[in-house]
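Let me begin by presenting the structure, written as structure tokens, before commenting on it.
This one's a predicted model, so the numbers in the text were calculated from it and none came from an experiment. Reminder, nothing fancy here: chain letters follow the sequence lines and each chain counts from 1.
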There are 2 protein chains.
Amino acid sequence: MATIEDVAKLTGLSRTTISRVINNHPYVSEEKRKLVLEAMEKLGYVPNSSARSLRNQKTSILALFIPRITNPFFSELVEATEIAAAEHGYQLIICQTRYSPEKELNYMNLLKTKQVDGVILASIQNEWKQLKPFLQYGPIVLCNEFDDCANVPTVRLDQVYGGYIATKHLLEQGHTKIAYCSGGYRSNVAKSREIGFKKALAEYKLTFDERYAFRDAFHIADGKRVFRQMMALSNRPTAVFTGSDEVAAGIISEALACGYRIPKDLAVVGFDNQAITELTNPTITTVHQPVKQMAQKAVDIIVEKIQTKKYDTQEIYEFPLQLVVRASTVGSELHQSEA
Amino acid sequence: MATIEDVAKLTGLSRTTISRVINNHPYVSEEKRKLVLEAMEKLGYVPNSSARSLRNQKTSILALFIPRITNPFFSELVEATEIAAAEHGYQLIICQTRYSPEKELNYMNLLKTKQVDGVILASIQNEWKQLKPFLQYGPIVLCNEFDDCANVPTVRLDQVYGGYIATKHLLEQGHTKIAYCSGGYRSNVAKSREIGFKKALAEYKLTFDERYAFRDAFHIADGKRVFRQMMALSNRPTAVFTGSDEVAAGIISEALACGYRIPKDLAVVGFDNQAITELTNPTITTVHQPVKQMAQKAVDIIVEKIQTKKYDTQEIYEFPLQLVVRASTVGSELHQSEA
DNA sequence: CTGTTAGCGCGTTCAT
DNA sequence: ATGAACGCGCTAACAG
């Protein structure tokens with residue numbers, strides 16, 4: 001392992017000059033610069049990251065918190081975040097909280113121990129007051145998930161609007177008995193969608209029926225379960241809003257297996273616009289989320305915060321959502337509403 | 001930011017003693033140990049990772065190389081690897097090569113600059129001779145992808161057998177014109193499956209028809225394209241082997257859209273046993289890969305190599321694959337072969 | 001333009 | 001059982 005000292009010796013220069021060449025400092029003669037570069041090449045020298053991190057108080061690593069990566073929404077978020085981070089010269093450490101507040105808090109120590117320069121929270125498992133103290137060690141940026149109490153930059157999507165347009169679409173198809181699915185009680189994303197859902201209902205003079213609410217639907221299997229629960233109700237819904245395409249796909253799958261027809265017997269709208277929405281039969285009406293833009297913005301922001309060292313600024317960046325109409329809500333026998 | 005020095009001052013002890021407490025060394029009186037622990041608590045002290053990394057020549061970070069994380073197979077691999085790494089006290093940096101040899105080589109510098117303690121390659125974009133020189137900086141373990149020239153630990157699956165059982169299953173259904181899809185020419189995983197594919201054909205006295213081979217199928221869209229290409233052939237295949245469930249799903253989707261029936265007009269077998277295999281209609285016959293075990297083993301191995309510092313040992317750990325028969329290959333009108 | 005020097009925060013001989 | 005002192009590899013004053 002060649003060190004900067006080895007390069008200095010070989011060239012007969014000082015460590016400082018070598019360091020200047022490494023960091024592209026001015027005031028190094030072209031002659032010596034070439035000499036150094038050659039020596040580095042010859043020795044296979046590369047600066048040691050740990051030493052640089054210690055000296056510069058900077059690791060060039062970001063941590064991204066997600067519940068689980070096998071959720072396609074988060075896969076896409078990780079993909080985009082990793083690419084954006086790389087563009088800024090940052091590496092990305094993945095932290096899967098698996099919906100556990102303890103694991104989340106534990107991973108937060110990465111910031112405290114200075115193993116990462118900043119944390120991007122794409123999901124939140126603790127109360128903000130639990131997380132807030134970590135702000136003294138480095139920047140935290142919320143991306144996707146949010147918390148009104150959090151005095152940090154937040155990049156998010158207009159989930160109220162998302163819940164609204166999806167529900168309104170169902171209402172426009174003539175449905176009045178619409179069930180509601182979401183993933184988790186704790187998530188503000190889910191809560192916002194529910195607000196949008198209710199808002200749409202209210203516009204049609206309908207009230208929210210708690211018997212139609214299923215707030216613990218995350219996976220495909222949950223969708224299948226929810227379908228059976230819905231069909232067991234005395235006054236069955238004719239449409240269902242879900243918080244993810246996975247759940248929607250599960251509902252559709254179970255419905256078909258039970259001999260029901262989609263959307264004739266049950267209209268289904270998903271969320272996320274994942275690849276499966278075009279593979280199931282029928283294809284799934286859903287809400288598209290601009291994940292790439294959101295991730296890019298979150299990285300841009302955190303990189304800026306790392307530089308300015310001002311962490312407790314509440315800035316909100318919101319991106320719009322878009323309804324994508326497919327076959328799970330509009331059959332040929334029904335009137336259509338949107339292109 | 002409290003340092004070890006601050007704790008020393010507060011307790012009136014030396015830095016050495018504090019360090020001993022941090023690292024659970026013996027020869028520290030219970031009395032002082034408690035004193036130190038209290039002081040650490042009071043100051044909110046936590047050891048600085050960069051300093052420890054520099055001093056110990058160890059970062060406790062692993063790098064995992066994958067082409068792209070949105071491929072569900074790799075999502076699952078990342079999930080399992082992150083969990084296994086955490087169990088060993090390691091963090092995981094994600095490196096998406098996006099099938100680019102340059103990006104792969106670039107990420108390899110993480111090992112050279114000592115930013116990570118080891119590299120797990122789940123895909124390979126370069127010739128082994130390009131990668132080999134990095135072995136002098138730290139351990140490289142192959143996981144999933146492999147290379148016969150590579151003198152490093154390799155954790156892999158029996159892909160020849162995987163190609164064999166999937167193809168044999170199709171042959172047992174009476175098919176004789178079987179197309180072949182794979183992802184990439186470079187991958188030894190794909191090459192192995194092709195060997196198994198041909199082996200099964202040979203047992204049935206059939207020869208491989210190059211016109212039936214499509215070696216550039218990765219995504220859903222590729223599946224759709226391949227279906228159209230197959231149907232444009234003069235002597236159409238009646239079955240198709242694919243290297244991923246995504247491609248299989250794409251083929252099925254396009255086939256149905258074109259009015260064909262699965263498996264009656266075309267039997268399709270996928271690979272990976274992803275969630276979508278149970279969502280499409282018909283469900284997809286596929287090959288299950290024990291990703292979790294593979295990831296766990298790879299992490300165990302690399303952690304061991306980091307400790308022993310012996311990197312160039314060619315050890316091979318192979319896990320078996322399993323055929324999962326679903327509806328895309330066996331219809332009610334066909335004779336069935338396996339439970 | 002270049003070199004000398006002093007740490008960044010920690011762990012670890014080697015004494016005592 | 002405890003401490004003094006050195007150095008991991010690098011960068012940033014400060015001199016010159």
Side-chain angles (χ1 to χ4, degrees), chain A residues 1-37 39-40 43-61 109-117 137-138 309, chain B residues 1-37 39-40 43-61 109-117 137-138 309:
Chain A
M1 278 306 310
T3 75
I4 199 172
E5 180 69 36
D6 298 327
V7 183
K9 273 182 187 153
L10 184 61
T11 56
L13 297 167
S14 73
R15 293 208 310 266
T16 310
T17 304
I18 315 301
S19 175
R20 287 206 178 99
V21 172
I22 294 170
N23 298 290
N24 286 313
H25 273 265
Y27 305 131
V28 180
S29 70
E30 204 44 52
E31 177 195 6
K32 313 238 164 177
R33 161 168 268 113
K34 271 188 63 178
L35 186 66
V36 171
L37 257 19
M40 288 185 0
L43 293 171
Y45 168 79
V46 153
N48 177 302
S49 327
S50 300
R52 300 187 92 175
S53 296
L54 176 59
R55 178 63 237 228
N56 298 332
Q57 307 284 24
K58 186 170 185 320
T59 61
S60 292
I61 302 178
N109 283 320
L110 289 173
L111 197 58
K112 196 169 179 181
T113 62
K114 297 287 177 194
Q115 191 151 19
V116 302
D117 292 338
Y137 306 112
K309 303 195 175 171
Chain B
M1 278 306 310
T3 74
I4 200 171
E5 180 69 35
D6 299 326
V7 184
K9 274 181 188 154
L10 184 60
T11 57
L13 296 167
S14 71
R15 294 208 313 264
T16 311
T17 305
I18 315 302
S19 176
R20 287 206 178 100
V21 173
I22 293 170
N23 298 290
N24 285 313
H25 273 265
Y27 304 129
V28 180
S29 70
E30 205 42 52
E31 176 195 8
K32 313 236 163 178
R33 159 167 272 115
K34 272 189 63 179
L35 186 66
V36 171
L37 256 20
M40 286 182 7
L43 294 170
Y45 168 79
V46 154
N48 178 301
S49 331
S50 300
R52 301 188 90 176
S53 296
L54 176 59
R55 179 62 238 228
N56 298 332
Q57 307 283 22
K58 185 170 184 321
T59 61
S60 293
I61 302 178
N109 284 320
L110 289 174
L111 197 57
K112 196 168 178 183
T113 62
K114 296 289 177 194
Q115 190 150 22
V116 301
D117 291 339
Y137 306 112
K309 302 192 175 174

What is the distance, to the nearest angstrom, from the CZ atom on B:Arg20 to the P atom on D:dA1? 10 Å
Under-4.0 Å side-chain N/O to phosphate OP1/OP2 contact, A:Ser50 with D:dC8: no
For a 4.5 angstrom cut-off between non-hydrogen side-chain atoms, does A:Asn109 reach A:Lys112? yes
Is the phosphate of D:dT11, meaning OP1 or OP2, less than 4.0 Å from a side-chain N or O of A:Ser19? yes
For the residue pair B:Arg52 and B:Pro47, what are the closest heavy atoms and their distance? CD-CB, 3.7 Å
C:dC10 P sits how many Å from B:Lys58 NZ, rounded? 17 Å
Rounded off to whole Å, could you give me the CD-to-P distance for the A:Glu5 and C:dT5 pair? 13 Å
If you check the A:Pro47 side chain, which of D:dC10, C:dG11, C:dT2 turns out closest? D:dC10
Tell me the closest heavy-atom pair linking A:Lys114 and B:Ser49, and the distance in Å. C-OG, 4.1 Å
For D:dA12 and A:Tyr27 - does any side-chain N or O of the residue sit under 4.0 Å from the phosphate oxygens OP1/OP2? no
Which pair of non-hydrogen atoms, one from A:Leu13 and one from A:Lys32, has the smallest distance, and what is that distance? CD2-CD, 3.6 Å
Under 4.0 angstrom between A:Ser29 side-chain N/O and C:dT2 OP1 or OP2: yes
For the pair made of CG in B:Leu54 and C1' in C:dT12, what is the distance, rounded to whole Å? 14 Å
For a quick test of reading the model: is some side-chain N or O of A:Thr3 closer than 4.0 Å to OP1 or OP2 of D:dG9? no
Would you mind reporting whether B:Ile22 and B:Ile4 have side-chain heavy atoms less than 4.5 Å apart? yes
C:dG11 base / B:Arg15 side chain donor-acceptor hit below 3.5 Å: yes
Which is true for A:Ile18 with a 4.0 Å heavy-atom rule: it touches a base, it touches only sugar-phosphate, or it touches nothing? nothing
What is the distance, rounded to the nearest whole Å, between atom CG of A:Asn48 and atom P of C:dC10? 17 Å
Give a yes/no answer on whether the side chain of A:Asn23 brings an N or O atom under 4.0 Å of OP1 or OP2 in D:dT11. yes
Ignoring backbone atoms, establish whether B:Lys32 has a side-chain N or O less than 4.0 Å from OP1 or OP2 of D:dA1. no
Mapping A:Arg55 and A:Glu31 onto DNA chain C by nearest heavy atom, which one lands closer to the 5' end? A:Glu31
Quiz item: B:Thr16 side-chain donor-acceptor pair to C:dT12 base, under 3.5 Å: yes
Whole-Å distance separating the CD1 atom of A:Ile4 from the P atom of D:dA12: 11 Å
Integer-rounded Å distance: D:dA1 P and B:Arg33 CZ: 11 Å
Between B:Val28 and A:Ala51, which has a closest nucleotide on DNA chain D that is more 5'? B:Val28
A side-chain contact here means heavy atoms from C-beta on lying under 4.5 Å apart; do B:Leu43 and B:Lys9 qualify? no
Report which part of the nucleic acid B:Pro26 touches: base, sugar-phosphate, or nothing (heavy-atom distance under 4.0 Å, all strands). nothing
Whole-Å distance, B:His25 NE2 to C:dC10 P, equals 14 Å
Under 4.0 Å from OP1 or OP2 of D:dG9: is there any side-chain N or O of B:Gln57 that close? yes
